[in-house]
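The block underneath contains the structure these notes are about, expressed in structure tokens.
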Amino acid sequence: MEGKVESLWEEVRELTLGTTVDRLQSPPTPLQFLRDFVSQNKPCIISNAISHWPALSLWSTPSYLSTALSSSLVSLHLTPDGQADALVPHPSQSSLCFVSAHVQPTLFPQALDLIRRPPNHLVAYLQQQNDCFRTEYSELESDCDAHIPWASEALGCLPEAVNLWIGNHLSQTSFHKDHYENLYAVVSGEKHFLLLPPTDVHRMYIKEYPAARYSYSQENGEFRLEFEEPERYVPWSSVDPCPARVSLKQESLKFPLYFNGPKPFEVTVKAGEVLYLPSMWFHHVRQSPGDGGCTIAVNYWYDMQFDIKYAYFNFLQSLPCRSIDDQTIPEGDCEDESGPHASSNHLNSRFSGDESATNNVEIHKDRDNVQVHERTFVLDSSMFV
């Protein structure tokens with residue numbers, strides 16, 4: 001089985017994805033977008049899709065944002081190192097845990113100053129993901145489109161959530177996937193993505209980790225970990241794609257399916273560009289600030305279709321797959337969302353979501369895992385992308 005799944009990774013790239021992410025110089029028609037990208041679950045970068053936004057010129061000036069949001073209380077996410085929704089060492093065990101950021105209600109001008117001039121002991125990031133652009137930042141709505149017209153027509157709906165992201169070079173997001181069609185528009189600075197298709201799920205070494213959250217004390221400037229009660233486990237990728245050079249060899253030995261398999265797609269989305277990130281694609285995100293000292297983006301989350309591709313994906317990730325050369329992680333450690341600790345509401349987590357497992361818009365539909373009863377399948381690799 002391992003060999004068949006591993007060959008699928010190459011076949012998907014050869015048959016449909018190629019070696020690079022397509023770049024479009026102008027927005028596609030709704031039909032072209034649906035036919036060439038959504039239906040194929042294939043990412044692309046679109047230029048000149050938001051060139052008419054006032055935000056492109058206005059938001060590069062910090063004073064404009066601070067004035068427009070002078071009295072707005074926003075949800076500021078704080079971590080000691082910029083690693084929010086990530087794996088960190090467990091404080092009392094020789095293992096890892098999944099940690100979310102400390103969320104501090106903060107006046108926007110103060111939050112922006114912390115992002116642009118980070119102190120030594122903390123990293124600040126505005127990344128609430130609860131439709132925050134239309135709530136916390138409603139004063140800025142007129143600077144952008146309420147939705148992406150050609151995408152809305154192709155997908156047959158308006159976005160379920162519109163989110164604003166403001167951060168600096170210290171923040172990054174670990175590998176995860178979302179059950180949304182994502183249109184990610186960069187307004188200032190650059191976003192650097194590593195992308196892997198859903199077929200590469202076994203390369204992510206998904207394991208369930210105990211959930212914790214940072215708690216930050218303003219009095220002494222220190223962070224501590226607080227574990228959730230009752231105990232909750234989050235399925236998350238164990239792979240760090242950018243380890244320190246001294247640990248690269250060790251990481252390669254721990255996760256050979258990732259480091260020895262096909263390279264992830266690397267894309268940089270610049271100010272004025274839009275990334276279409278298909279549902280269920282794994283992505284790791286870093287960023288580079290623009291002239292205003294921060295990276296700013298607006299993303300539109302459209303509900304994905306839970307169709308045959310979703311059924312095939314559920315079937316694929318249910319298959320046991322362990323490289324014969326991988327003796328470091330037992331099969332039981334490569335769990336997916338259907339593992340023993342997965343909650344019945346697991347699709348509301350970011351792994352089942354750019355950037356908080358607990359802050360996503362709640363999904364109100366019945367999306368139980370697809371049960372597969374047949375034992376013999378002919379796998380068409382085009383169905384997985």
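- T61 contributes no side-chain N or O that, together with a main-chain N or O of S63, makes up a donor-acceptor pair within less than 3.5 Å.
- In this structure, the separation between CG on L275 and CG on N182 is 7.0 Å, given to the nearest 0.5 Å.
- Between V74 and L126, the closest side-chain pair of non-hydrogen atoms falls below 4.5 Å.
- F37 is not listed as a side-chain neighbour of P278, based on a closest heavy-atom distance of 4.5 Å or more.
- Counting only distance, with no hydrogens or angles, the side chain of R213 and the backbone of A101 share a donor-acceptor pair below 3.5 Å.
- Heavy-atom minimum distance, P264 versus Y258: CG-OH, 3.5 Å.
- Checked against a 6.0 Å centroid threshold, the rings of Y310 and H179 count as neighbours.
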message = One pair to check against ring pair (Phe, Tyr, Trp, His ring centres under 6.0 Å): W236 and F98. What are the steps and the verdict?
response = CA-CA 8 Å; W236 207 254; F98 173 86; 4.7 Å; yes
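- Ring pair W150/F33: centre-to-centre distance below 6.0 Å.
- Interatomic distance, Q172 CD to D85 CG, rounded to the nearest 0.5 Å: 12.5 Å.
- Under a 3.5 Å cut-off, the side chain of S152 and the backbone N or O of I148 do form a donor-acceptor pair.
- At least one donor-acceptor pair under 3.5 Å links the side chain of S237 to the backbone N or O of M204.
- More than 12 heavy atoms of other shown residues, nucleotides or ligands fall within 6.0 angstrom of atom CD in E139.
- The ring of F175 has its center no closer than 6.0 angstrom to the ring center of F282.
- Using a 4.0 Å cut-off between charged nitrogen and carboxylate oxygen, D240 and K254 do not count as a salt-bridge pair.
- Summarising the geometry of H121 relative to G221, their closest heavy-atom pair is CD2-O, 3.5 Å, with the distance given to 0.1 Å.
- A donor-acceptor pair under 3.5 Å is formed between the side chain of S238 and the backbone N or O of Y205.
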Residue pair Y276, E181: steps toward the side chain to side chain donor-acceptor pair (under 3.5 Å) verdict = CA-CA 8 Å; Y276 166 55; E181 305 289 355; 2.6 Å; yes
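- Of all heavy-atom pairs between I115 and C294, the closest is CG2-CB, 4.0 Å.
- For N48, the CG atom counts as densely surrounded, since its 6.0 Å shell holds more than 12 non-hydrogen atoms of other residues, nucleotides or ligands.
- Taking the six-membered ring for Trp and the full ring otherwise, H283 and H176 have centroids separated by under 6.0 Å.
- Taking NE2 of H169 as the reference point, atom CD of E190 lies at 14.5 Å (rounded to 0.5 Å).
- Rounding to the nearest 0.5 Å places CG of D178 at 11.0 Å from CE of M280.
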request  = Check the pair V103 / Q128 against side chain to side chain contact (heavy atoms under 4.5 Å, CB included), numbers first and verdict last.
outcome  = CA-CA 9 Å; V103 181; Q128 182 62 10; 4.1 Å; yes
request  = Before giving the answer on side chain to side chain donor-acceptor pair (under 3.5 Å), spell out for E231 and Y233 the whole-Å C-alpha distance, their side-chain angles and the decisive distance to 0.1 Å.
outcome  = CA-CA 7 Å; E231 188 177 47; Y233 284 77; 3.1 Å; yes
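- The OG1 atom of T19 lies 10.5 Å from the CZ atom of R13; values are rounded to the nearest 0.5 Å.
- Counting all heavy atoms, side chain and backbone alike, K42 lies closest to L17 at CG-CD2, 4.0 Å.
- Under a 3.5 Å cut-off, the side chain of E136 and the backbone N or O of S75 do form a donor-acceptor pair.
- Judged by distance alone, with hydrogens and angles left aside, the side-chain atoms of S60 form no donor-acceptor pair with the main-chain N or O of G292 at under 3.5 Å.
- A donor-acceptor pair under 3.5 Å links the side-chain atoms of R203 to the main chain of P262, judged by distance alone.
- Counted by atom type alone, N299 and Y180 present zero donor-acceptor pairs between their side chains at under 3.5 Å.
- Considering every non-hydrogen atom in both A86 and S174, the closest pair reads CA-OG, 3.9 Å.
- Note that CG of N220 is 10.5 Å distant from CZ of F223, once rounded to the nearest 0.5 Å.
- At least one side-chain heavy atom of W281 sits under 4.5 Å from a side-chain heavy atom of N41.
- Here the shortest heavy-atom pairing between T106 and A111 reads CG2-N, 3.8 Å.
- With T135 contributing its side chain and C132 its backbone, the two residues share a donor-acceptor pair below 3.5 Å.
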Stepwise side chain to side chain donor-acceptor pair (under 3.5 Å) test for D131 and W301 = CA-CA 9 Å; D131 200 28; W301 267 336; over 6 Å; no
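- Although no hydrogens or angles enter the test, the distance criterion places a donor-acceptor pair under 3.5 Å between the side chain of Q287 and the main chain of N168.
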task = Evaluate the side chain to side chain donor-acceptor pair (under 3.5 Å) criterion for residues H192 and T268: first the C-alpha distance (whole Å), next the side-chain angles of each, then the deciding distance (0.1 Å), finally the verdict.
result = CA-CA 4 Å; H192 312 288; T268 293; 3.0 Å; yes
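- Side chains of Y302 and S279: a donor-acceptor N/O pair is absent below 3.5 angstrom, by distance only.
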